[in-house]
Student: 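Just passing along the structure, written as structure tokens.
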Amino acid sequence: MTELLKISLPDGSVREMEPGSTPGDVAAAIGPGLAKAAIAARVDGELRDINRPFEGDAELALITSRDEEDALELARHDFAHVLAEAVQSLYPGTQITFGPATDDGFYYDVKAPADREPFSMDDLPDIEEEMRRIIKADKPLRREVWSRQQLIDKWEAEGEVFKAEWAKELPENEELTVYWSGEDWLDMCRGPHLASTGKLDPQAFKLTRVAGAYWRGDQNNPQLTRIYGTGWLNKKQLNAHLTRLEEAAKRDHRKLGREMDLFHLQEEAHGSVFWHPKGYRIWRELEAYMRRKMDRAGYREIKTPQLMDVRQWEQSGHWGKYAENMFAVPDMVPEVEELGDGPANPSVAPDADWMAIKPMNCPAHVLVFKQGITSYRDLPIRLGEMGCCHRNEPHGALHGLMRVRQFTQDDAHIFCTEEQVVEEVKAFIELADQVYRDFGFTYDVKLALRPEKRFGSDEDWDKAEQELRDAVAVSDMQGEGDGKLEELPGEGAFYAPKLEWHLTDAIGRTWQVGTIQGDRVLPDRLDASYVGEDGEKHRPVMLHRAIFGSYERFIGILIEHFAGRLPVWLAPVQAVVATIVSDADDYAKAAVVKLEAAGIRVESDLRNEKINYKVREHSHAKVPHLLVVGNREAEEGTVAIRTLGEKEQRVMSLDEAIALLKAEATPPDLVED
RNA sequence: GCUGCUGUAGCUCAGUGGUAGAGCGCACCCUUGGUAAGGGUGAGGCCGGGAGUUCAAUCCUCCCCAGCAGCACCA
């Protein structure tokens, strides 16, 4: 008589199963509904096939499509296999390599047969069709343990040089597995997989594009074709994803920035923004808002140099570590060789002194702190700066306003005693909460912990990390997401752990913007100190912090979050007075004068165009309120207000309209309850 | 920085080995029209930069630059 296996379930119950039974058998024993719904299993924490037998007593959690994260991962991995099978079935002689799941789908790297062009977009419809055929055939996906030699022989026999190369590098002793799809195709794979191809929804995936990729990511290796797809659990999810992509494309800040005449970029200054009057208006409103917030929170604003001698950057540690991202400038007049009308050839003497444009503000803030002698009575000292920084980012990383080479941070550094850290971080957490809520964002806070390469002692890191945890615990946050503090091991800066604010925008994307970091390294390197109660010198803790992150990026996020329809207080043009007939011109002009006097950013549109045309144009320009005036309004002293996004107009007196606009144009921090 | 793709009028894009076209926008004329495109006429381009092949290059080849997508990166 064999001994039964003890399988414990998440609810604490234990089931006794025959040896050789599988998670699927457990599901069936619990009930037919679950047997049908279970698609995979977590056995002792490891995600496994539903039909893989237990190897002993185990803790079991059954996975259904409700466990979305696991289910998606499995489905995408399966889609990748089906993709590879489909390609080989359609184009015999194609070699397969690897095919993992991605954030929204899957890809597979393949090499087309020698007698064929690499695969292109044109091949995708055929491949999709073949994939649907394989899914509909509901081929069982069966796990089998093979020896390494067996794998090598199989791949070599089939001319799969990439797979064979990989198999040869697999460890000798580990259990190596293949997955059969039906009886006629298999791939080397660690698994797990769904029970059969039919578990996939044939309407829940779409092949999206092809790209070149090198074998094992090395450009000295042969080039493969990577076929990308997006994959989901059902058609509804797929459609939602495709709609989200379309919606995101419509909101693209680069497109809206051009259409709304906010800014432009051009190659002569790539990575730096040319702000147009309307775009800079948004900037100025944000800046004024942030100044009010910081003034009230006890910060004092400073302005520090763009250029500092490289020796200063050597001392701070940046020149050694991050020089490749910094712009350096010779501290001399370059020799210029005149070449007629042609280009001048500047040259720099070999003994030139070098200066660097600041990539961050912190060292300069320490230098301000260090002027004179600071008493513990003066702490905390909060130094803020709208700090314009330059970083020479990898060119492939540049992206509209989101990743630029010149940007301005809403930066500040708080110098305080160790005892004051938690209190200061708490105050910052609450300040950030107010700000993000004013813009209608929810957010998650994450804690990035010490990286492998770091400065400072482990004791200091223990302290710094715990301070941030403690501050979060005692803070009052209302705009937050699920309220859990996620910790990210290894993601901190080399000098400090950081709290990061990840905003969620109107269509569910997340953006990292704000941060606060508890730094004990830089004050030490730059020898910052204060005189304590004991009359001795002490090191202050330096808190680096920002809420918008950078104005460029934050404006980019706002444009996409609001799809260009900025709240009235931020809108570059808050209202346009548009005439229906030229007889109303004088009335319109008078209305504009009154609106301007009330502080409204208003323009007039007296052009000889039909009102339909004007409505359309100003709607496209995302002007929040259109004040339409014709003979009737001019006689009655009224305006017909058409608000962006609404079909109906409202007629009211000009004075009422001004009061309404004034109220809406008030920044959220100035609204009196 | 890596891979692929792209670069033609202010914008969105056609097109061709013999120096170019549309729609929108812009200017002017007609039209004074009541809530998302009224009509007409016209101006506007070193076809990203450089080199090569060619009788001839916006088009073919090579190099560079920038943009886009992905990757890597983001102190």
Side-chain angles (χ1 to χ4, degrees), chain A residues 102-104 107 109 118 120-121 208-214 217-221 223-226 228 249 252 254-255 258-259 261 264-271 313 316-326 343 359-360 362-363 389 391-400 402-405 407 448 451 453-455 491-496 498 500 512 515 517 519 521-522 544 549-550 553 578-585 606-621 626-633 640-651:
Chain A
T102 63
D103 284 349
D104 68 353
Y107 67 80
D109 287 348
S120 73
M121 292 291 284
T208 49
R209 63 181 186 281
V210 294
Y214 288 109
D218 184 336
Q219 57 175 317
N220 299 313
N221 287 337
Q223 190 160 34
L224 310 169
T225 304
R226 179 169 297 178
Y228 282 97
D252 191 310
R254 294 166 297 185
K255 177 172 168 280
R258 192 170 43 241
E259 287 173 4
D261 193 18
H264 85 271
L265 299 156
Q266 67 181 57
E267 54 177 287
E268 287 77 6
H270 69 104
W313 298 106
S316 68
H318 294 98
W319 193 245
K321 254 183 129 126
Y322 302 106
E324 75 273 16
N325 286 320
M326 291 171 64
M360 49 183 44
C362 6
C389 297
R391 297 180 190 175
N392 200 349
E393 302 283 2
H395 289 193
L398 300 176
H399 181 90
M402 301 304 194
R403 191 81 178 269
V404 285
R405 304 209 296 176
F407 54 91
K453 284 187 184 171
R454 57 180 182 261
F455 290 158
E491 304 257 315
F494 72 92
Y495 53 83
K498 35 183 185 178
E500 302 174 344
Q512 203 233 295
T515 182
Q517 311 167 2
D519 179 9
V521 172
L522 203 58
H544 307 245
S550 84
R553 192 171 147 78
T579 51
I580 296 170
V581 291
S582 52
D583 288 345
D585 284 3
L606 311 181
R607 290 175 304 168
N608 176 10
E609 295 290 352
K610 292 204 164 158
I611 193 62
N612 287 9
Y613 181 87
K614 294 185 183 181
V615 167
R616 178 184 153 83
E617 191 175 278
H618 298 301
S619 299
H620 279 161
L626 191 57
L627 277 48
V628 177
V629 297
N631 284 327
R632 202 184 310 148
E633 288 77 12
I641 296 196
R642 182 175 166 128
T643 297
L644 189 61
E646 288 174 19
K647 285 270 184 285
E648 298 298 313
Q649 58 193 330
R650 286 172 293 168
V651 179

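Just so you know, these numbers use all the heavy atoms, side chains as well, and skip hydrogens, waters and symmetry mates. In the text below, chain A, chain B and the rest are named by the order of the sequence lines, each starting its count at 1.
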Student: To the nearest Å, how far apart are A:Gln266 CD and B:G10 P?
Tutor: 13 Å
Student: Let me check I have this right: for RNA chain B, each base becomes ., (, ), [, ] or |, based on Watson-Crick or G-U pairs with both distances under 3.5 Å. What is the full string?
Tutor: (((((((..((((....[..)))).(((((.......))))).....(((((..]....))))))))))))....
Student: Is the distance from the ring center of A:Phe455 to that of A:Tyr495 below 6.0 Å?
Tutor: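 When the ring centroids of A:Phe455 and A:Tyr495 are compared, they turn out to be at least 6.0 Å apart.
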Student: Rounding to the closest angstrom, what is the interatomic distance between B:C59 and B:G70 at atom P?
Tutor: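 So the two P atoms sit 30 Å from each other.
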Student: Would you mind reading off the distance between A:Glu259 atom CD and B:G10 atom C1', rounded to a whole angstrom?
Tutor: 14 Å
Student: A:Thr643 and A:Arg650: side-chain donor and acceptor closer than 3.5 Å?
Tutor: yes
Student: Could you run through nucleotides 69-75 of chain B and give me one letter per nucleotide, 5' to 3': B if any protein heavy atom sits under 4.0 Å from the base, S if only the sugar-phosphate is that close, - if neither?
Tutor: SSBBBBB
Student: Whether the side chain of A:Arg642 engages the backbone of A:Leu626 through a donor-acceptor N/O pair (distance < 3.5 Å, no angle test) should be reported.
Tutor: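 No, the answer is negative, given that no donor and acceptor are paired below the 3.5 Å cut-off.
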Student: For A:Glu324, does the CD atom have more than 12 heavy-atom neighbours from other residues, nucleotides or ligands under 6.0 Å away?
Tutor: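 Enclosed.
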Student: Counting any heavy atom closer than 4.0 Å, what does A:Ala640 reach on the DNA or RNA strands: base, sugar-phosphate only, or nothing?
Tutor: base
Student: With rounding to the closest Å, how many angstrom separate the C1' atoms on B:U8 and B:G15?
Tutor: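 It works out to 9 Å between them.
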Student: Rounding to the closest angstrom, what is the interatomic distance between B:U12 and B:G7 at atom P?
Tutor: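 It comes out at 13 Å once rounded to the nearest Å.
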Student: Atom CD in A:Gln517, atom CD in A:Glu500: separation rounded to 0.5 Å?
Tutor: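 Going from the CD atom of A:Gln517 to the CD atom of A:Glu500 covers 8.5 Å.
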Student: Please work out if A:Asp583 contacts a base, only the sugar-phosphate, or nothing of the nucleic acid, heavy-atom cut-off 4.0 Å.
Tutor: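 Result for A:Asp583 = nothing.
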Student: Any side-chain N or O of A:His395 under 4.0 Å from OP1/OP2 of B:A66?
Tutor: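 Answer yes for this pair, as a side-chain N or O of A:His395 is under 4.0 Å from OP1 or OP2.
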Student: Between B:G38 and B:G33, how far apart are the two C1' atoms, rounded to whole Å?
Tutor: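 It works out to 8 Å between them.
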Student: Look at the side chain of A:Glu267 and decide which nucleotide, out of B:U32, B:G38, B:C65, has an atom nearest to it.
Tutor: B:C65
Student: Using heavy atoms to find the nearest nucleotide of RNA chain B for A:His270 and A:Thr579 separately, return the residue whose nucleotide is more 5′.
Tutor: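 Closer to the 5' end of RNA chain B: A:Thr579.
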Student: Both A:Lys647 and A:Arg258 contact RNA chain B. Taking the nearest nucleotide for each, which residue is further toward the 5' end?
Tutor: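 Per heavy-atom nearest nucleotide, the more 5' residue is A:Arg258.
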Student: A:Arg642 has a side chain; which of B:A36, B:G34, B:G38 sits nearest to it?
Tutor: B:A36
Student: Are any of A:Tyr613's side-chain N or O atoms less than 4.0 Å away from OP1 or OP2 of B:C24?
Tutor: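 Looking at the OP1 and OP2 atoms of B:C24, neither is under 4.0 Å from any side-chain N or O of A:Tyr613.
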Student: Regarding B:G34, can its base be found pairing with the side chain of A:Glu633 as donor and acceptor, where the two atoms are less than 3.5 Å apart?
Tutor: yes
Student: Look at the rings of A:Trp313 and A:His318 and say which category their plane angle falls in: under 30° parallel, 30 to 60° tilted, over 60° perpendicular.
Tutor: perpendicular
Student: Taking the P atom in each of B:G17 and B:A69, what is the distance between them to the nearest angstrom?
Tutor: 31 Å
Student: Of the nucleotides B:A36, B:U32, B:G38, which one has an atom closest to the side chain of A:Ser582?
Tutor: B:U32
Student: Say we look at B:A72 and B:A14: how far apart would their C1' atoms be, to the nearest angstrom?
Tutor: 37 Å
Student: Could you work out the separation of B:U58 and B:G49 based on their P atoms and round it to a whole Å?
Tutor: 10 Å
